[in-house]
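I have placed the structure first, in the form of structure tokens, so that the comments after it can refer back to it.
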Amino acid sequence: MPRSILLMTGDGIGVEIVAEAAKVLDLVNRKFSLGLEMSEAKLGGQAYDEYGAPYPEATQVKARAADAILLGAVGGPKWDGVERHLRPEQGLLDIRADLDLFANLRPAILYPQLADASSLKPELVAGLDILIVRELTGGIYFGEPRGIRTLENGERQGFNTDVYSESEIRRIAKIGFELAQKRGGRLCSVDKANVLEVTVLWREVVTEMAKDYPDVELSHLYVDNAAMQLVVEPKQFDVILTGNLFGDILSDEAAMLTGSIGMLPSASLNTDRQGMYEPCHGSAPDIAGQGIANPLATILSLSMMLRYSLAESEAAQSIDQAVGRVLDQGLRTADIYTEGTTRASTSEMGDAVVAALSE
Ligand code: IPM
Ligand code: MG
């Protein structure tokens, strides 16, 4: 049976970058006889515009049936006035919850060709290779009760609930430990156990589990310290394991350390290894439609897809190598441009990867 890949551009630059990734996917599909069948669906603002919901049933049906999903990005100022539960971002949260995509892997890698792009000194970031494992379907993002209520004195009060059950902690920590085993053997669990009970439990459960992974060196950091350590000495980290909210914040910080958020892919997986793959950056409405966005994070998301959901590591590696070759050639989109390199548009970059793959 052919495996089915669902492509969702989403909003803003999502449209342009997924178009480039689709070219690459078509090529590797043929070149490696992967037998993949592609289809499309709408998510986020574009889905709201067409169906009145950011994760409409038409998309849900296709998403549930897909072996893997490639997403561009969602959101934009156009939908600022829309009610919260119909906003583009809600579509993203809904599909994560619907498919139980609890394991979010966000690598922060410094490409040697882009060493000058970081705002940190080159020696601090040279060779940087961190993997953030973020819990994606629990914690304060989804905890109940939540809302905005009016108190007796007429004042309004906003409230959310940060909650993690043992089983939720266990299943994400298992992913963290296993990935650490395959990488540098170090796992740093990030919490706020000096204040929040939910993370006291988090730390207890992760510590207990460490017995089953004697080859992994486990450490713990409070999130404020982790945020600081990331800019002081980022190379001390191998795998960072953390909850939904802290992972959201730390992954942006780690991505920016590389100076090239336009280069970073991500994977969101469930227990069946079904996954949604997307660039770490957002929909960048300010540059949408101009043909200057960097498609490489989306193209590299394909490589993660081939590796994690489709077990096609040879095809994945060929994409990684093609991207490396294009960077070696000196091609740069605006976000990673430095003097002495060659400026490329979104489609020129996509075409260059396709050309490198065809060699
Ligand atoms: C992310 C984004 C989302 C999140 C938003 C768009 C809902 O910031 O994927 O990191 O907070 O998870
Ligand atoms: Mg975020």
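Both ligands and their constituent atoms are indexed starting at 1 by order of listing.
Neither the backbone nor the side chain of H281 has a heavy atom within less than 4.0 Å of ligand 1. By the criterion of a heavy-atom distance under 4.0 Å, neither the backbone nor the side chain of R87 is placed next to ligand 1.
Remark: D49 engages K78 in a salt bridge, criterion side-chain N to carboxylate O under 4.0 Å.
Residue S309 comes nearest to A68 through the heavy atom pair CB-CB, 4.0 Å, listed as atom of the first residue, atom of the second, then distance.
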Apply side-chain hydrogen bond (donor to acceptor under 3.5 Å, both in side chains) to residues Y222 and D191 and explain how you reach the verdict. CA-CA 5 Å; Y222 298 138; D191 61 42; 5.9 Å; no
Report the C-alpha separation of L70 and E278 in whole Å, then their side-chain angles, then the decisive distance to 0.1 Å, and conclude whether the side chain to side chain contact (heavy atoms under 4.5 Å, CB included) test is met. CA-CA 6 Å; L70 183 74; E278 51 181 316; over 6 Å; no
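The single protein non-hydrogen atom nearest to atom 2 (C) of ligand 1 is D248 OD1, 4.0 Å, given as residue, atom name and distance. When only non-hydrogen protein atoms are considered, atom 1 (C) of ligand 1 lies nearest to R106 NH2, 3.3 Å. Of all protein heavy atoms, the one lying nearest to atom 6 (C) of ligand 1 is E89 CG, 3.7 Å. Distance from atom 4 (C) of ligand 1 to its nearest protein heavy atom, with residue and atom name: Y141 OH, 3.4 Å.
Distances shorter than 4.0 angstrom occur between a heavy atom of R96 and an atom of ligand 1.
Using a 4.0 Å cut-off to heavy atoms of R134, the atoms of ligand 1 that qualify are 1 (C), 4 (C), 9 (O), 10 (O), 11 (O), 12 (O).
Considering CZ of R186 and OG of S219, their distance stands at 8.0 Å, rounded to 0.5 Å.
Taking the ring axis of Y48 as reference, the NZ or CZ atom of R87 does not stay both within 45° of it and closer than 6.0 Å to the ring centre. In this structure, R332 is not positioned above the aromatic face of Y337 in the sense of NZ or CZ being under 6.0 Å from the six-membered ring centre and within 45° of the axis.
Distances from the Mg ion (ligand 2) to each N, O or S atom of D248 single out OD1 as the nearest.
Between the Mg ion (ligand 2) and D252 there is no N/O/S contact shorter than 2.8 Å.
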